Structure formats: structure tokens, C-alpha cells
K.L.:
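Below: one structure in C-alpha cells.
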Amino acid sequence: MRKQHTKALMGKAIIKYVLLGCLLVLVLIGCTNKDKIPGDVLPREEMEKVMWDMVQADRFSSQFLERDSIARKDIKTENLKLYEKVFQVHKITKEEFVHSFQFYLSRPDINKVLFDTMAARANRRRADVYTNPEMAQ
């Protein structure tokens with residue numbers, strides 16, 4: 001009987017330590033900085049600039065290349081060339097961009113800030129063009 005009592009106490013102690021360990025893990029996870037961006041991911045401000053330039057490349061493609069009968073034949077290749085130029089300007093690789101883009105897609109909270117900032121920039125640019133049409137050139 002004494003052995004059963006000792007086993008029961010040991011079982012309760014083990015459960016107590018397991019629960020304490022789980023609680024400690026939850027506290028550590030809860031205390032991590034959720035807005036921290038890993039070192040191998042482009043910072044949000046830089047990603048915003050790259051994305052903005054890629055949108056501009058797409059805009060150029062849709063406004064000019066798709067109308068050009070020669071370029072239209074291979075529009076995908078021309079788009080890829082424009083993207084490569086964007087990567088060169090920002091001194092990043094396609095792989096770095098894709099990795100960063102996938103990170104931002106996996107984090108809707110940070111992604112929303114990125115796209116909201118880009119939308120605000122586009123709205124400011126649109127308002128500037130309406131008040132000063134020479135800027136559109």
C-alpha cells in the first residue's frame with residue numbers, strides 16, 4: 001500500500017512538472033516579439049519599395065508593352081526582364097524577394113500594413129497627378 005501511495009505522489013509530481021514546463025513554454029512564446037522580421041527577410045520598408053517598383057513595372061508592361069505588337073509576342077519574358085531590373089536596382093535576388101514575399105504572405109498583420117502603405121502612396125500619387133498633370137509624364 002505504501003508503494004502505491006509513493007507511486008501516486010510521484011505521478012502527481014511528474015504531472016506538476018510537465019504542466020509547469022508547458023506553462024513556461026507558453027509564457028516564452030507569448031513574450032516573443034510578433035512583429036519581428038527574421039534577418040533573412042527584407043525589412044518592411046525595403047519590401048514596400050521593391051513591391052512598389054514591381055507594380056510600376058507591371059503598369060509599364062500593361063500600358064506600353066502589351067500595345068506593342070512585337071513585345072506582345074513574348075510579354076512574359078519582357079515582364080521577367082523588368083522584374084530582374086527591379087531586383088538589380090534594389091540589390092536583391094529573385095530568391096530573396098520570393099522568400100520575403102512568402103514571409104509577408106504568411107503574416108497577414110504585417111502584410112496589411114505593407115499593402116495599406118502602398119495604397120496610400122498610390123492615392124497620394126494619383127492626387128498629385130490630378131493637381132499637376134505634368135507629373136504623369
Side-chain angles (χ1 to χ4, degrees):
M1 180 134 193
R2 186 174 176 118
K3 288 182 184 180
Q4 290 176 343
H5 181 66
T6 304
K7 285 183 182 180
L9 286 176
M10 285 179 56
K12 288 181 182 179
I14 291 173
I15 291 173
K16 183 178 176 181
Y17 286 116
V18 168
L19 289 174
L20 186 60
C22 289
L23 181 63
L24 181 61
V25 168
L26 288 174
V27 167
L28 290 175
I29 290 172
C31 291
T32 59
N33 185 353
K34 294 178 183 165
D35 293 334
K36 186 169 181 355
I37 296 174
D40 62 342
V41 172
L42 294 172
R44 188 188 56 79
E45 294 82 10
E46 180 63 23
M47 187 65 173
E48 178 188 323
K49 292 175 187 174
V50 174
M51 293 286 296
W52 178 260
D53 287 347
M54 292 187 80
V55 168
Q56 297 307 309
D58 283 337
R59 183 172 169 230
F60 174 80
S61 176
S62 67
Q63 287 184 338
F64 298 106
L65 294 181
E66 287 181 8
R67 294 181 186 167
D68 183 354
S69 61
I70 296 171
R72 194 176 350 167
K73 292 178 184 175
D74 202 9
I75 197 76
K76 287 183 181 181
T77 302
E78 294 302 317
N79 277 341
L80 291 175
K81 287 179 185 177
L82 289 172
Y83 291 159
E84 280 300 320
K85 287 180 183 179
V86 170
F87 299 149
Q88 288 172 0
V89 165
H90 292 279
K91 297 177 177 66
I92 63 171
T93 64
K94 175 184 174 186
E95 291 75 21
E96 289 172 312
F97 172 77
V98 169
H99 177 70
S100 297
F101 190 68
Q102 288 173 340
F103 168 79
Y104 285 102
L105 286 179
S106 73
R107 293 292 310 274
D109 54 329
I110 300 173
N111 195 17
K112 181 180 181 336
V113 173
L114 185 133
F115 281 102
D116 286 350
T117 304
M118 287 179 57
R121 183 176 183 180
N123 289 335
R124 281 192 307 273
R125 173 99 167 104
R126 187 177 308 116
D128 289 345
V129 168
Y130 284 142
T131 58
N132 189 3
E134 293 85 36
M135 288 185 68
Q137 309 303 338

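Since we're looking at a predicted model, the values are computed, not measured.
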K.L.:
With clusters defined by side-chain heavy atoms of hydrophobic residues (ILVMFWY) lying less than 4.5 Å apart, directly or transitively, does V89 cluster with F97?
P.N.:
no
K.L.:
Drop me the distance from F87's CZ to L82's CG, to the nearest 0.5 angstrom.
P.N.:
11.0 Å
K.L.:
Once salt bridge (Lys or Arg N to Asp or Glu O under 4.0 Å) is applied, do any residues pair with D40, and if so which ones, sequence neighbours excluded?
P.N.:
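D40 satisfies salt bridge (Lys or Arg N to Asp or Glu O under 4.0 Å) with no residue once adjacent residues are dropped.
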K.L.:
Step by step, would you call D53 with Y83 a side-chain hydrogen bond (donor to acceptor under 3.5 Å, both in side chains)?
P.N.:
CA-CA 9 Å; D53 287 347; Y83 291 159; over 6 Å; no
K.L.:
Does any part of the side chain of I37, heavy atoms only, come nearer than 4.5 Å to the side chain of Y104, both counted from C-beta?
P.N.:
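Yes, close enough: below the 4.5 Å cut-off.
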K.L.:
Which heavy atom in E96 sits nearest to a heavy atom in K91, and how many Å separate them?
P.N.:
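Closest approach of E96 to K91, heavy atoms only: OE1-O, 4.4 Å.
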K.L.:
Measuring from atom CD of Q88 to atom OG1 of T93, what distance do you get when rounded to the nearest 0.5 angstrom?
P.N.:
11.5 Å
K.L.:
From T117 OG1 over to K49 NZ, what is the distance, rounded to the nearest 0.5 angstrom?
P.N.:
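Taking OG1 in T117 and NZ in K49, the distance rounds to 12.5 Å.
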K.L.:
Is E84 close to L80 at the side-chain level, that is, under 4.5 Å between some pair of heavy atoms?
P.N.:
no
K.L.:
Return the CZ to CE distance between R125 and M118, rounded to the nearest 0.5 Å.
P.N.:
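That separation rounds to 13.5 Å.
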K.L.:
When rounded to the nearest 0.5 angstrom, what distance separates CE in M51 from CZ in R44?
P.N.:
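The CZ atom of R44 is 12.5 Å from CE of M51, to the nearest 0.5 Å.
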K.L.:
Report yes or no: do V113 and W52 belong to one cluster of Ile/Leu/Val/Met/Phe/Trp/Tyr joined by side chain heavy-atom distances under 4.5 Å?
P.N.:
no
K.L.:
Measure the CG-CZ distance between N111 and F101 for me, rounded to the nearest 0.5 Å.
P.N.:
7.0 Å
